[in-house]
Amino acid sequence: MKPICPSCHSAHVIENIDTSTQGLTEQVLSPKLLIGLGMSVCKYYKINPMIGMVAGSALATVINLAQQRLMQPPLIRAAILPRYLCRTCQHTFSV
Ligand SMILES: [Zn+2]
């Protein structure tokens with residue numbers, strides 16, 4: 001069943017799931033990537049890669065905690081709910 005715009009009651013509604021920002025954050029701040037980054041930095045400066053691994057995972061933990069604090073319940077709900085965009089009046093809504 002297609003949703004109908006609550007603003008103008010038009011059926012010209014497209015699904016508008018905005019995952020671009022979320023996906024980018026996960027990609028950039030993934031613990032795996034940070035550990036890898038720490039290790040390659042240490043390799044480059046000829047430091048024990050273990051130090052880089054530890055530093056990378058510590059940084060990942062800090063970022064994870066910061067993200068959890070920043071994420072307020074309404075924001076999480078908005079990210080999970082499917083979003084729809086009305087092509088008639090450009091109104092964005094969720095069902
Ligand atoms: Zn509309």
Any chain of hydrophobic side-chain contacts (each under 4.5 Å) joining [X] to [Y]?
X: Ile47; Y: Val54; answer: no
X: Tyr44; Y: Val41; answer: yes
X: Met50; Y: Tyr45; answer: no

Please report the closest heavy-atom contact between [X] and [Y], naming both atoms and the distance.
X: Met39; Y: Pro49; answer: CG-O, 3.5 Å
X: Thr88; Y: Cys8; answer: CB-SG, 4.0 Å
X: Met53; Y: Ile35; answer: CG-CG2, 3.2 Å
X: Leu85; Y: Gln90; answer: CD1-O, 3.7 Å

Close side-chain approach of Glu15 and Tyr84, heavy atoms under 4.5 Å: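 They are in side-chain contact.
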
Between NE2 on residue His9 and SG on residue Cys86, distance to nearest 0.5 Å: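 Here the rounded value is 10.5 Å.
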
